[in-house]
Amino acid sequence: MDPTAQIFLGDGVGAISALHNAFPQDVSKYLLQDCPIGKLDRQKLLNQKGCVVWITGLSGSGKSTLACTVGRDLHSRGKLSYILDGDNLRHGLNKDLGFKAEDRAENIRRVGEVAKLFADAGLICITSLISPYRRDREACRALFLMQIFMNMPLELCEARDPKGLYKLARAGVIKGFTGIDDPYEPPLDCETERWNLPPPSEMAGVVVSYLEENGFLTSNRYLVEPGN
Ligand SMILES: Nc1ncnc2c1ncn2[C@@H]1O[C@H](COP(=O)(O)OS(=O)(=O)O)[C@@H](OP(=O)(O)O)[C@H]1O
Ligand SMILES: Nc1ncnc2c1ncn2[C@@H]1O[C@H](COP(=O)(O)OP(=O)(O)O)[C@@H](O)[C@H]1O
């Protein structure tokens with residue numbers, strides 16, 4: 001039996017016991033629990049399509065502001081979204097992670113997995129993480145309906161410095177701060193043009209229009225979705 005095959009529980013006891021005989025230790029890796037209510041049913045209920053909008057950029061570039069503005073616009077149109085914000089997740093799900101390269105990689109991996117679940121639930125999931133390394137973003141790129149790069153110059157982000165972190169990084173109190181002594185690798189393929197500092201409402205308008213034009217604000221149009 002192909003060890004990479006995924007078997008839906010309920011598909012047949014015979015297949016499962018054959019698999020168990022072949023791979024007694026890790027049989028659970030190949031099993032998926034099936035459920036009669038699926039993504040399409042949930043999307044119909046919500047009259048929208050689940051997807052992931054991934055926002056990346058330096059600290060202070062406006063990721064959270066854009067995520068909240070998009071979330072508010074969608075809410076006012078009766079569409080359900082949820083924001084996964086790096087800062088917030090680091091208080092719970094990711095509180096064991098720091099800012100070393102391997103911790104950032106694990107952060108992006110976990111958030112990618114959670115975003116996938118939210119999209120499967122039928123929600124428009126908006127992530128707001130620095131996600132500075134191309135390799136980590138690429139690992140979950142197939143999931144993203146949109147990748148948005150907050151292409152703001154470091155000088156501007158540093159001048160904003162709403163949390164005083166750049167000042168601490170320049171003083172050497174915080175080590176490995178993105179843009180100062182840790183790299184940010186800009187994405188090469190985004191669904192948005194280079195932003196030239198438009199107000200958040202204008203950027204959010206572009207995002208919501210993209211969702212609308214691609215049929216994600218309704219459930220009743222056939223689409224090939226990312227990740228499927
Ligand atoms: N060393 C270092 N480098 C970058 N950022 C730092 C660092 N230390 C703390 N912070 C704060 O953590 C927020 C970024 O968390 P993320 O989970 O988005 O980072 S990452 O994607 O894993 O790189 C980031 O939030 P934002 O300013 O909203 O981007 C900072 O508040
Ligand atoms: N388009 C914008 N124009 C002007 N100021 C902005 C804009 N977007 C965000 N800001 C301001 O910049 C600061 C950083 O924004 P924030 O959304 O917290 O960035 P990030 O989440 O990338 O760290 C905040 O004080 C916010 O009010």
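Every number for a ligand or one of its atoms is a count from 1 in the order of the listing. These numbers were taken from a predicted model, which means no experiment stands behind them.
- Nearest protein heavy-atom neighbour of atom 26 (C) of ligand 2: Thr65 OG1, 3.7 Å.
- We find that Asp182 and Lys175 are not joined by a salt bridge, their nearest charged nitrogen and carboxylate oxygen being 4.0 Å or further apart.
- Closest to atom 25 (O) of ligand 1 among all protein heavy atoms lies Lys163 NZ, 3.1 Å.
- The shortest N or O to N or O distance between Lys63 and ligand 1 is under 3.5 Å.
- Nearest protein heavy-atom contact of atom 16 (P) of ligand 1 is Arg90 NE, 3.6 Å.
- Minimum interatomic distance between Leu93 and Val114 (heavy atoms only, all atoms of both residues): CD2-CG2, 3.8 Å.
- Of all the listed residues (Arg160, Met203, Lys163), Arg160 holds the heavy atom that lies closest to atom 2 (C) of ligand 2.
- Among all heavy-atom pairs drawn from Phe216 and Ile124, the shortest one is O-CD1, 4.4 Å.
- In terms of protein heavy-atom proximity, atom 14 (C) of ligand 1 is nearest to Ile130 CD1, 3.6 Å.
- Per-residue contacts place Ile108 under 4.0 angstrom from the following atoms of ligand 1 (heavy atoms of the residue considered): 21 (O).
- Nearest to atom 24 (C) of ligand 2 among the protein's heavy atoms is Pro162 CG, 4.4 Å.
- Side chain of Asp181 to backbone of Gly176: a donor-acceptor contact under 3.5 angstrom is found.
- Interface of Thr178 with ligand 1, defined as ligand atoms under 4.0 Å from a residue heavy atom, comprises 3 (N), 4 (C).
- With Asp103 contributing its side chain and Gly98 its backbone, the two residues share a donor-acceptor pair below 3.5 Å.
- The N/O atoms of Arg104, backbone and side chain alike, include one that comes under 3.5 Å of an N/O atom in ligand 1.
- Atoms of ligand 1 found under 4.0 Å from any heavy atom of Gly176, numbered from 1 in the order shown, are 1 (N), 2 (C), 3 (N).
- A cation-pi contact, defined as under 6.0 Å to the ring centre and within 45° of the axis, links Arg90 to Phe99.
- Taking a 4.0 Å cut-off on heavy atoms, Leu58 registers as neighbouring ligand 2.
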Run Met150 and Met203 through side-chain contact (heavy atoms from CB on, under 4.5 Å) and show every step you take. CA-CA 10 Å; Met150 302 303 291; Met203 290 187 264; 3.8 Å; yes
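- Considering backbone and side-chain atoms alike, Leu129 places every N or O at 3.5 Å or more from each N or O of ligand 1.
- A distance below 6.0 Å separates the ring centres of Phe149 and Tyr184.
- Looking only at heavy atoms of the protein, atom 20 (S) of ligand 1 is closest to Asn107 ND2, 3.6 Å.
- The shortest non-hydrogen separation linking Leu58 to Lys63 is O-NZ, 3.0 Å.
- Gly57 does not count as a contact of ligand 2, since none of its heavy atoms falls under 4.0 Å from the ligand.
- Among all non-hydrogen protein atoms, the one lying nearest atom 23 (O) of ligand 2 is Gly60 N, 2.8 Å.
- Among protein heavy atoms, the minimum distance from atom 21 (O) of ligand 1 is reached at Ser131 N, 2.8 Å.
- In this structure, Gln48 contributes its side chain and Ser219 its backbone to no donor-acceptor pair below 3.5 Å.
- Among all heavy-atom pairs drawn from Pro200 and Leu66, the shortest one is O-CD1, 4.0 Å.
- Side chain of Asp85 to backbone of Asp87: a donor-acceptor contact under 3.5 angstrom is found.
- Numbered from 1 in the order shown, with element, the atoms of ligand 2 that lie under 4.0 Å from a heavy atom of Ser59 read 23 (O).
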Residues Met146, Trp54; criterion side-chain contact (heavy atoms from CB on, under 4.5 Å); working and verdict: CA-CA 6 Å; Met146 297 184 82; Trp54 191 277; over 6 Å; no
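- Protein heavy atom closest to atom 19 (O) of ligand 2, with residue, atom name and distance, is Gly62 N, 3.0 Å.
- The shortest N or O to N or O distance between Phe99 and ligand 1 is not below 3.5 Å.
- Nearest heavy-atom pair, Arg137 versus Thr56, reported as atom, atom and distance to 0.1 Å: NH1-OG1, 3.8 Å.
- Ion pairing of Arg110 with Glu113 is absent here, as no side-chain N (NZ or NE/NH1/NH2) approaches a carboxylate O to less than 4.0 Å.
- Looking only at heavy atoms of the protein, atom 21 (O) of ligand 2 is closest to Ser64 OG, 2.7 Å.
- Asp120 pairs in a side-chain hydrogen bond (donor to acceptor under 3.5 Å, both in side chains) with only one of the listed residues (Arg42, Lys39, Gln43), which is Arg42.
- Ligand-side atoms of ligand 1 in range of Pro132: 21 (O), 23 (O), range being under 4.0 angstrom from any heavy atom.
- Annotation: atom 27 (O) of ligand 1 to nearest protein heavy atom, Ser59 OG, 2.5 Å.
- If you look at Leu165 next to ligand 1, the close heavy atoms, those under 4.0 Å, all belong to the side chain.
- Proximity of Pro198 to ligand 2 is established by a heavy-atom distance of less than 4.0 Å.
- In terms of protein heavy atoms, atom 2 (C) of ligand 1 is closest to Phe177 CD1, 3.4 Å.
- From the protein, the heavy atom lying nearest to atom 24 (C) of ligand 1 is Asp87 OD1, 3.8 Å.
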